Each structure stands twice: as structure tokens, then as C-alpha cells.
Amino acid sequence: MKKIILPSIILLLLAAILLFVWWDKTKIEVLTPIDALTPEDSAIRYIRKMNTGNLTINSNTVEAIQTVELTDLVLVLVQYSGTRRRGGVEICEMVLETEKDQLNGWEPKSGASLCHGVNDPTNSIPVTTGSSHGNSTLQNPGYSTVYGFVRDPQISKVVVTWEDGQIQPVEVQGSTYLAAREGGFNMKKIEAYNDQNEIVYKTR
């Protein structure tokens, strides 16, 4: 009888050890951070949860249009529409600064937005213009952006001239444009071109 009991006890102990090892491994895998969200996903989720005061965002319209990668950041231009409390639908473009965190993956840190009315007959400017700046530190030069909405469908390219003379052409994507660079700079002017490389619009 003792010969039967001893192997049974050994088998039970081995089974218990294997079960403990499997459970501990599973627990570690569940707790390990998984970088499931892309910068675009993170930006979209952030805006859908955003409280904008007098603008009710239509969550179905939130879309990441384009991104720009800098040294440690990814800038995401997101477009969405919403309804003002006083009435009227507006389209907005927001440039969100996203940074990768070891535990939580990509997270939005700050942003700048520009809103405008839909089919506003009083607004004849074919290109809206917004800008933003990222904070600079001793290790990081920060960044500068110029972005906006392109009303004129014939415009396919926007050329940004910065205050230091650097010229940066960017393609129009989803009726938006986004120019970004490292360092703190202001825009000097923008020019909008059609497919024939003709200037359709420029700032003064």
C-alpha cells in the first residue's frame, strides 16, 4: 500500500509545482505592458474622450489624417467635427504630441487645435493656418508646426517658409496639411499650389 501512496504523492506534488509555474507565468504575461495602441489610435481615443466645453464632438468623425515623426515624439494631425451649443457645425484640426511611455505605450501629451465653420460663405480664404510649439529643454530643442484645412480642392501642395528662411513643402492629405520641424521657429509665409505647380494662394 505504501508503494502505491508514495508515487501518488510525488505525482500530486509535481502536478502542483507545474500548475504553480504555469499560473505564475500567465500572471506575468498578463501584467506585462503591451504596446497595442499606435500614436494614431492614442490620439483618436484622446479626442473622443475630450471635453471641449461648448463643442459637442461627433465621435464617428474623429480621424487621424497624418503623422510626423520627430526624435522622441510623433505628432498626429486629427480631424473631427462637432456642433456648437449656439448652433452650427464646425470642423476642427488638432495636432497632438504623442510620446511613448514604458508602461502605457503611446500617450498624448499636449495639443493645439483650429476650428472653422462648414460651408461658410463669408470665409473666402482657401487655406486656414494654425501653429504650435513644443517645449524645449537642454536635451530637446522642441518643435514647431504649421497646419490647417484646405478648402480649395485644386490645392495639392502647401509650401511653408519659416522665419529663418527654410522652405518646407508638404502634400495635402485629407484636405489638411502639416509641416513640422525641430526647434522653435515661426512661420514667415505659406504658398498653396495646384497640380500644375501654379500658386493658388499665398499669405501676405
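Both backbone and side-chain heavy atoms feed into the values below; hydrogens, waters and symmetry mates do not. The residues of the chain are indexed from 1 along the displayed sequence. For clarity, every value in this text was computed on a predicted model and none was experimentally measured.
Between the Ser132 side chain and the Ala112 main chain, no donor and acceptor come within less than 3.5 Å of each other. When atom types are taken as modelled, the side chain of Arg85 and the backbone of Asn54 share no donor-acceptor pair closer than 3.5 angstrom.
To the nearest 0.5 Å, atom CD of residue Glu107 and atom CZ of residue Arg45 are 8.0 Å apart. Here the straight-line distance linking atom OG of Ser110 with atom CG of Asn135 works out to 7.0 Å at 0.5 Å rounding. Note: Tyr193 OH to Lys202 NZ = 8.5 Å, rounded to the nearest 0.5 Å. Taken to the nearest 0.5 Å, the CG atom of Asp41 stands 6.0 Å off from the CD1 atom of Ile44. Here the CD-CD distance, from Glu198 to Glu191, works out to 13.5 Å after rounding to the nearest 0.5 Å. Taking CE of Met50 as the start and OG of Ser113 as the end, the distance is 6.5 Å to the nearest 0.5 Å.
For Glu99 and Trp106, the side-chain atoms include no donor-acceptor pair closer than 3.5 Å. Residues Thr176 and Gln66 bring a donor and an acceptor atom of their side chains to less than 3.5 Å of each other. Checked by atom type, the side-chain pair Gln166/Asp164 shows no donor-acceptor distance below 3.5 Å. A donor-acceptor contact under 3.5 angstrom links the side chains of Glu97 and Tyr143, judged on distance only.
Using a 4.5 Å heavy-atom threshold, the side chains of Tyr80 and Glu63 count as separate. The side-chain heavy atoms of Ile57 and Ile47, taken from C-beta on, include a pair separated by under 4.5 Å. In this structure, the side chains of Lys188 and Trp162 stay at 4.5 Å or more apart for every pair of heavy atoms. Counting only heavy atoms from C-beta outward, the side chains of Leu77 and Leu96 never approach each other to under 4.5 Å.
Within a 6.0 Å sphere centred on CZ of Phe149, other residues, nucleotides and ligands contribute more than 12 heavy atoms. Summarising the local packing, NZ of Lys109 is surrounded by more than 12 heavy atoms from other residues, nucleotides or ligands at distances under 6.0 Å. Other residues, nucleotides and ligands contribute only 12 or fewer heavy atoms inside 6.0 Å of the CD atom of Glu69. Within 6.0 Å of atom CG in Asn186, more than 12 heavy atoms from other residues, nucleotides or ligands are found, so the atom counts as buried in its surroundings.
Under a hydrophobic-cluster definition in which Ile, Leu, Val, Met, Phe, Trp and Tyr are linked whenever side-chain heavy atoms come within less than 4.5 Å, directly or via other members, Val200 and Val170 are assigned to the same cluster. A chain of hydrophobic side-chain contacts below 4.5 Å, direct or via other Ile, Leu, Val, Met, Phe, Trp or Tyr residues, connects Val62 to Val74. Cluster annotation: Val150 and Ile125 are assigned to the same hydrophobic cluster (Ile/Leu/Val/Met/Phe/Trp/Tyr, side-chain heavy-atom contacts under 4.5 Å, transitive). Leu114 and Val78 are members of different hydrophobic clusters when ILVMFWY side chains are connected at heavy-atom separations under 4.5 Å.
Between Lys157 and the choices Asp195, Asn194, Asn197, the side-chain hydrogen bond (donor to acceptor under 3.5 Å, both in side chains) rule is met once, by Asn197. A side-chain contact (heavy atoms from CB on, under 4.5 Å) with Asn58 is found for one member of Asn60, Thr56, Leu55 and no other, namely Asn60. With Leu178 as the partner, the side-chain contact (heavy atoms from CB on, under 4.5 Å) test is satisfied by one option alone out of Val160, Val68, Val76, Val172: Val68.
Pairing each heavy atom of Ser156 with each of Glu171, the nearest pair is O-OE1, 3.3 Å. Thr61 and Ser81 get closest at one heavy-atom pair: OG1-N, 2.9 Å. When every heavy atom of Gly117 is checked against every heavy atom of Arg151, the shortest pair comes out as O-NH2, 4.3 Å. For Pro126 against Ile155, the heavy-atom pair with the smallest separation is CB-CD1, 4.1 Å. Counting all heavy atoms, side chain and backbone alike, Glu163 lies closest to Gly184 at OE2-O, 4.0 Å. Nearest heavy atom pair, residue Ser59 against residue Arg48, reads O-NE, 3.2 Å.
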Show your working on side-chain contact (heavy atoms from CB on, under 4.5 Å) between Gln79 and Ile91 and close with a plain yes or no. CA-CA 7 Å; Gln79 190 177 66; Ile91 294 177; 3.8 Å; yes
Let's go through Ile167 and Val159 carefully: what are the C-alpha distance in whole Å and the side-chain angles of both, what is the deciding distance for side-chain contact (heavy atoms from CB on, under 4.5 Å) to 0.1 Å, and is it a yes or a no? CA-CA 7 Å; Ile167 297 172; Val159 177; 3.4 Å; yes
Stepwise side-chain contact (heavy atoms from CB on, under 4.5 Å) check, Leu75 with Thr145: CA-CA 9 Å; Leu75 302 177; Thr145 74; 3.6 Å; yes
Could you go through the side-chain contact (heavy atoms from CB on, under 4.5 Å) check for Ile65 and Tyr177 one step at a time? CA-CA 9 Å; Ile65 305 294; Tyr177 69 96; over 6 Å; no
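Listed by chain and number, the residues in a salt bridge (Lys or Arg N to Asp or Glu O under 4.0 Å) with Asp72 amount to none (sequence neighbours excluded). Checked against ring-ring contact (aromatic ring centres under 6.0 Å, His included), Phe185 has no partners two or more places apart in sequence or in another chain. Scored by the salt bridge (Lys or Arg N to Asp or Glu O under 4.0 Å) test, Glu90 finds Arg84, Arg86 as partners (sequence neighbours excluded).
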